[in-house]
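Note sheet for the following structure.
Chain A is the first sequence line, chain B the second, and so forth, proteins listed ahead of strands; every chain is numbered from 1. It should be emphasised that the depicted structure is a prediction, and the values quoted were computed from it without experimental measurement.
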Amino acid sequence: MQQTYIRDLAAQAGQEVELRGWIYNFRSSGKLKFILLRDGTGIVQCVLSKKEVSDEIWQASEDLAQETSVVLRGKVNADDRAPGGFELWTSDLRVVGRAVDYPITPKEHGDAFLLDHRHLWIRSKRQHAILRVRHTLVQAIRDFFDGRGYTLIDAPIFTPAASEGTTTLFETDYFGEKAYLSQSGQLYMEPAAAAFGKVYCFGPTFRAEKSKTRKHLTEFWMVEPEVAFMELPELMELAEDFIVHLVTRALERNRADLEILERDLAKLEAVQKPFPRLHYNDAANTLKAKGVDFQYGNDFGAPDEEALVADYDRPIIVHRFPAAIKAFYMKPDPEDPSLSLSMDVLAPEGYGEIVGGSQREDDLEVLERKIREHNLPMSAFDWYVDVRRYGTFPHAGFGLGLERTVSWITGVRHVRETIPFPRLMHRLKP
RNA sequence: UCCUCGGUAGCUCAAUCGGCAGAGCGGGUGGCUGUUAACCACUAGGUUGGGGGUUCGAGUCCCUCCCGGGGAGCCA
């Protein structure tokens, strides 16, 4: 008999079906048993009556425990008493694999315990909902750029040098040579933009920072578009359209998951164009006016971000950060060379920076001077500066962090729940 | 790296002033034909993170090490 998935059960009312899955929970009242079956597409209640099945089957059902895998057959029945409105009136039950002492019980658990059991934790309802939203967003990211004529040009993971020189890199041995795990694909996107015009890369990136916060992972996914002949104002529009697209898609496809997560959907529905744009100088003044202890010229810390975002119901774009605190490849603002043509998008509700981007320095001499000023080895960047040597052009791009975006859209406070197997400072397993 | 909180049964936690180490869940046994994190009864389950010290007596106080959570810096 063909397997039916729980997701499709409503259309099968009155039919005989076969379900295959795992016991999510079960209750027994003597000669009547209620099994909650999970198959990855949903959860359904299956009823088992001693009167209506053979002794053999009844005996087999005595063996059930949480997460035992089973094949069940029976008739799909509409019943208001069943969660979801449908249940399976079980006629046949076969245990495929027993589960003894499944560690994650229907009661509460601590963070450390759950992270140690991440491989099992992803079976539970809440984690399942989060990871389904992540799946939707990954697809939406690709659809957005593919639909606008971008070419996917994936960047390498093994890289010979730091792209920014600021953050800490994971070092590995590469046949006797030092190699570093990529912390950004951006330097590779610039040559790619010269080749294809509109490009993006989307993959894992690695930061060896010893950060222990709910916004940090040592391995996370980032999508990085780069566009030839694009300047800062259009870049901000691109980021805005992109984010609206992501939120809209999640609302379209994952309403049920967002409800499981108790996300306030009104807050997501408010995410519409245009996003407020704040010049760095104005943002600094706003902080001063709010009495936040902030030094002009610095980057925003978490409390600064929260104070800035508090006045708005949608993401905000802060642009033209001081050049001194930004990467060497960012182009200075012609109106004030102490500032850079950079921008960050800050998510509402305190979820922090989800996008960082800039217009790139496109003048060969200026770029070479900046590499020297940052004490970076010119030899490592010869290929990179070739973009300016052979037909230079204005261009811009940004990076969006997938996990922070999932965290914001799902309303999950900690990014470690937004990636299937998080890599954290003190956690490499499972 | 710094600040801060914590480590007691498989899990989540409690244990008064330093005075017999306990509960719920999970496990086991039995009961229950409409349960919704079902319920009821019984039951097994402990080197209180490791080491050292104070004390008649330490889960509790002191020292030290280990492990983890939250946060900061930095960043997506």
If you measure from the C1' atom in B:A23 to the same atom in B:A9, how many Å do you get, rounded? 11 Å
If you measure only the distance, is there a donor-acceptor pair under 3.5 Å linking the side chains of A:K33 and A:S61? yes
Determine whether the aromatic ring of A:H117 stacks with the base of B:C11, defined as ring centroids separated by less than 5.5 Å and ring planes inclined by less than 30°. no
Look at the side chain of A:K370 and the backbone N and O of A:M330, then say whether any donor-acceptor pair between them is shorter than 3.5 Å. yes
Just call it for A:F220: base, sugar-phosphate, or nothing, with non-hydrogen atoms closer than 4.0 Å on any strand. base
For B:G34, the Watson-Crick or wobble partner whose two distances fall under 3.5 Å: none
Proximity to the side chain of A:S28 - top-ranked nucleotide from B:C32, B:C75, B:G69: B:C32
Quick one, A:W221 with A:E403, criterion side chain to side chain contact (heavy atoms under 4.5 Å, CB included). Give me CA distance, side-chain angles, the key distance, then yes/no. CA-CA 7 Å; A:W221 282 62; A:E403 289 74 16; 3.6 Å; yes
Select base, sugar-phosphate, or nothing to describe what A:W408 touches, counting heavy atoms under 4.0 Å on all strands. nothing
Choose from B:A76, B:A72, B:U35 the nucleotide whose nearest atom is closest to any side-chain atom of A:L217. B:A76
Per-pair stack call A:F34 and B:G34, 5.5 Å, 30°: no
Base, sugar-phosphate alone, or nothing: which one does A:Q66 contact when heavy atoms must sit under 4.0 Å apart? nothing
If you measure from the C1' atom in B:G18 to the same atom in B:C62, how many Å do you get, rounded? 13 Å
Short side-chain N/O contact to B:G71 OP1/OP2 from A:R413, under 4.0 Å: no
So A:K212, base contact, sugar-phosphate only, or nothing? Heavy-atom distance under 4.0 Å. base
pair_partner(B:U47), Watson-Crick or wobble, both distances < 3.5 Å, evaluates to none
Between A:E269 and A:R255, does any NZ, NE, NH1 or NH2 come within less than 4.0 Å of an OD or OE carboxylate oxygen? yes
Length of the CZ-C1' vector between A:F300 and B:A72, whole Å: 18 Å
With a 3.5 Å cut-off and heavy atoms only, can you find an N or O donor on one side and an acceptor on the other between the side chain of A:H426 and the base of B:C67? no
Side-chain donor-acceptor pair present, A:E226, A:Q186, cut-off under 3.5 Å: no
Spacing of A:L424 atom CG relative to B:A76 atom P, expressed in whole Å: 18 Å
Under 3.5 Å on both distances, the Watson-Crick or G-U partner of B:G19: B:C56
Proximal nucleotide (of B:G27, B:G70, B:U12) relative to the A:D101 side chain: B:G27
Quick one about A:Y296 and A:N281 (side-chain donor to acceptor, distance below 3.5 Å, no hydrogens or angles considered), yes or no? yes
Any donor-acceptor N/O pair, A:R360 side chain to A:G397 backbone, under 3.5 Å: yes
I'd like the C1' distance from B:U8 over to B:U43, given in whole Å. 22 Å
Rounded to the nearest Å, what distance is computed from the CD1 atom of residue A:I409 to the C1' atom of nucleotide B:A76? 14 Å
So what does A:V415 hit on the nucleic acid, given a heavy-atom distance under 4.0 Å: a base, only sugar-phosphate, or nothing? nothing
For A:A99 and A:Q66, work out which heavy atoms get closest and say how close. CB-O, 3.4 Å
Check every strand shown and say whether A:P83 touches a base, only sugar-phosphate, or nothing at a heavy-atom separation below 4.0 Å. base
May I have the distance from A:L169 (atom CG) to B:C74 (atom P), rounded to whole angstrom? 18 Å
Just to be sure I understand the rule, does A:D79 reach a base, reach only the sugar-phosphate, or reach nothing, if contact means heavy atoms closer than 4.0 Å? base
With sugar-phosphate meaning primed atoms plus P, OP1 and OP2, does A:G301 contact a base, only sugar-phosphate, or nothing at under 4.0 Å between heavy atoms? sugar-phosphate
Ignoring backbone atoms, test whether A:K210 places a side-chain nitrogen or oxygen under 4.0 Å from the OP1 or OP2 oxygen of B:U1. yes
What is the nucleic acid contact for A:I354, judged by heavy atoms within less than 4.0 Å: base, sugar-phosphate only, or nothing? sugar-phosphate
Need one value for A:K215: base, sugar-phosphate or nothing, where a base atom within 4.0 Å counts as base even if backbone is also close, heavy atoms only. base
For A:F113 and B:A9, give me the distance from atom CZ to atom P, rounded to whole Å. 12 Å
Proximity to the side chain of A:H414 - top-ranked nucleotide from B:G34, B:G73, B:G70: B:G70
With a 4.0 Å cutoff (strictly under), does any side-chain N or O of A:R214 reach OP1 or OP2 of B:G70? no
Checking all strands, does A:A65 fall into the base, sugar-phosphate, or nothing category for heavy-atom contacts under 4.0 angstrom? nothing
Donor-acceptor pair present, A:E87 side chain and B:G34 base, under 3.5 Å: yes
Base partner of B:G6, which must satisfy Watson-Crick or wobble distances under 3.5 Å: B:C67
Is A:E224 touching bases, backbone alone, or none of the nucleic acid, heavy atoms closer than 4.0 Å? nothing
Mark yes or no for a side-chain to base donor-acceptor pair under 3.5 Å between A:S211 and B:G73, with no hydrogen or angle criteria applied. yes
